[in-house]
Protein chains: 2
Amino acid sequence: MSDKHPELNLDNQLCFSLYAASRHITRLYQPMLKQHNLTYPQYIVLLILWQKDGMLVKDIGERAQLKSNTLTPLLKRLEQNGLVTRQRDSEDERQCYVYLTEQGKNLESLCACIPSQMLKQTEIPVEKLIELKQLLDQLMVTEVHGK
Amino acid sequence: MSDKHPELNLDNQLCFSLYAASRHITRLYQPMLKQHNLTYPQYIVLLILWQKDGMLVKDIGERAQLKSNTLTPLLKRLEQNGLVTRQRDSEDERQCYVYLTEQGKNLESLCACIPSQMLKQTEIPVEKLIELKQLLDQLMVTEVHGK
DNA sequence: AACATTTAAATCGCGCACGATTAAATCACT
DNA sequence: AGTGATTTAATCGTGCGCGATTTAAATGTT
């Protein structure tokens with residue numbers, strides 16, 4: 001066991017905990033999402049559209065923190081599964097609106113139980129979870145050095 | 001703005017914060033890792049090997065929480081870049097040992113500055129970061145329902 | 001010894017992520 | 001009007017993640 005560089009010990013690395021926890025939670029979602037033939041990133045995009053239908057790809061990207069190189073293929077899959085339609089803005093042909101189909105809208109009620117199902121799977125008290133979320137959101141405003 | 005299901009509001013979703021923060025942090029690593037021609041998951045595997053050289057694929061997988069379907073190609077890339085070698089156990093040919101090369105060992109010192117560089121990029125006090133890590137590690141022991 | 005079971009790694013297929021580039025439309029400015 | 005810059009989405013290539021399967025080796029059981 002090398003200890004020349006204790007700062008490189010995996011157990012000391014917050015970032016690894018973050019990376020592992022994120023994948024762990026995504027795995028916990030899977031049994032529920034699989035029932036609706038959804039992946040977690042697809043579910044995120046639907047959460048965004050359920051809040052406000054008819055958004056531009058750009059705006060969805062800003063909300064989900066994903067660029068078109070990820071979103072375009074993902075939206076095509078949602079379209080193929082009959083959950084959304086895409087339509088170019090006739091005013092500005094560069095832009096592309098994404099609309100929920102009836103099926104996509106109906107899915108909202110069916111997914112409404114998912115957050116509480118997820119909550120049931122942890123023993124961490126809600127106050128702690130809120131605290132955790134706040135800390136994570138703080139991390140997001142972390143500056144890129146030299147930016 | 002739909003509010004039939006406030007529990008589906010993205011802003012209320014801890015899991016999205018987790019997902020977004022994890023990708024954000026990985027992006028922050030990239031400028032430093034790129035200098036050594038490494039990806040973040042490759043860096044994780046090296047952290048593990050720097051702590052204990054000559055591990056089995058299975059043990060690396062347990063530590064990194066990755067299975068062979070992810071690790072095998074990743075290790076092949078590390079091997080091709082001259083950082084590790086892989087060698088079947090002659091006692092038990094099913095198993096495969098992974099060893100650091102000299103170049104792989106030398107990389108440890110070069111990477112020793114990375115954790116402090118990362119710390120510099122956040123304004124969150126260290127105590128808060130430790131708290132964050134503890135909460136994340138608690139999430140990891142979350143049971144899979146029905147398991 | 002013969003055969004079923006288990007284990008470890010590799011393989012396969014699909015869907016992200018994301019840097020980089022491209023293509024087309026719009027904007028800004030002269 | 002003409003042209004360079006900007007914006008938006010799409011495309012391309014690479015590397016994860018991971019469920020599912022396969023292959024081969026080792027182990028257990030009769």
Kindly say whether, by distance alone, the side chain of B:Asn69 makes a donor-acceptor pair under 3.5 Å with the base of D:dG17?
no

Using only atom types and a distance under 3.5 Å, with no angle test, would you say the side chain of [X] pairs donor to acceptor with the backbone of [Y]?
X	Y	value
B:Arg86	B:Glu79	no
A:Thr70	A:Leu66	no
A:Arg77	A:Leu38	no
B:Trp50	B:Gly104	yes
B:Thr122	B:Leu119	no
B:Thr26	B:Ser22	yes
A:Asp89	A:Cys96	no
A:Arg63	A:Ile48	no
B:Ser17	A:Lys133	no
A:Ser68	A:Leu71	no

Side-chain N or O of B:Lys76 closer than 4.0 Å to phosphate OP1/OP2 of D:dC16:
no

OP1 or OP2 of D:dA10 sitting under 4.0 Å from any side-chain N/O of A:Arg88?
yes

Quick one, which residues of residues 77-87 of chain B touch DNA chain D with a heavy atom under 4.0 Å?
B:Arg77

Nucleic acid contacts of residues 89-101 of chain A, taken as heavy-atom distances under 4.0 Å to DNA chain C
A:Glu91, A:Asp92, A:Glu93, A:Arg94

Under a 4.0 Å heavy-atom cutoff, the residues of residues 34-49 of chain B touching DNA chain C are none

Whole-Å distance between [N] [atom2] and [X] [atom1]?
X	N	atom1	atom2	result
A:Asp59	D:dT7	CG	P	14 Å
A:Lys58	D:dA9	NZ	C1'	12 Å
A:Ile25	D:dG17	CD1	C1'	16 Å
B:Leu33	D:dG15	CG	P	15 Å
A:Arg23	D:dC18	CZ	C1'	10 Å
B:Tyr29	D:dC16	OH	P	16 Å
A:Arg27	D:dG17	CZ	C1'	9 Å

Which residues share a side-chain contact (heavy atoms from CB on, under 4.5 Å) with B:Glu102, sequence neighbours left out:
B:Lys105, B:Asn106

Select from A:Leu66 and B:Ser68 the residue whose nearest nucleotide in DNA chain C is closer to the 5' end of that strand.
B:Ser68

Residue whose closest nucleotide on DNA chain D lies nearer the 5' end, A:Tyr19 versus A:Thr70
A:Thr70

Heavy-atom nearest nucleotide on DNA chain D taken for A:Gln30 and for A:Leu56; more 5' hit belongs to A:Leu56

Does A:Leu74 reach a base, just sugar-phosphate, or nothing at all? Heavy atoms under 4.0 Å.
sugar-phosphate

Minimal heavy-atom distance between A:Leu139 and B:Ile124, with the atoms involved, is N-CD1, 3.8 Å

Go through DNA chain C in 5' to 3' direction and return only the first and the last nucleotide with some atom under 4.0 Å of chain A's heavy atoms.
C:dG15 to C:dT26

Could you pull out all residues at least two apart from A:Tyr40 that satisfy ring pair (Phe, Tyr, Trp, His ring centres under 6.0 Å)?
A:Tyr29, B:Tyr19

What verdict does the side-chain contact (heavy atoms from CB on, under 4.5 Å) test give for A:Gln42 and A:Leu33, after you've listed the backbone C-alpha separation in whole Å, the side-chain angles of each residue and the deciding distance to 0.1 Å?
CA-CA 9 Å; A:Gln42 288 169 12; A:Leu33 294 179; over 6 Å; no

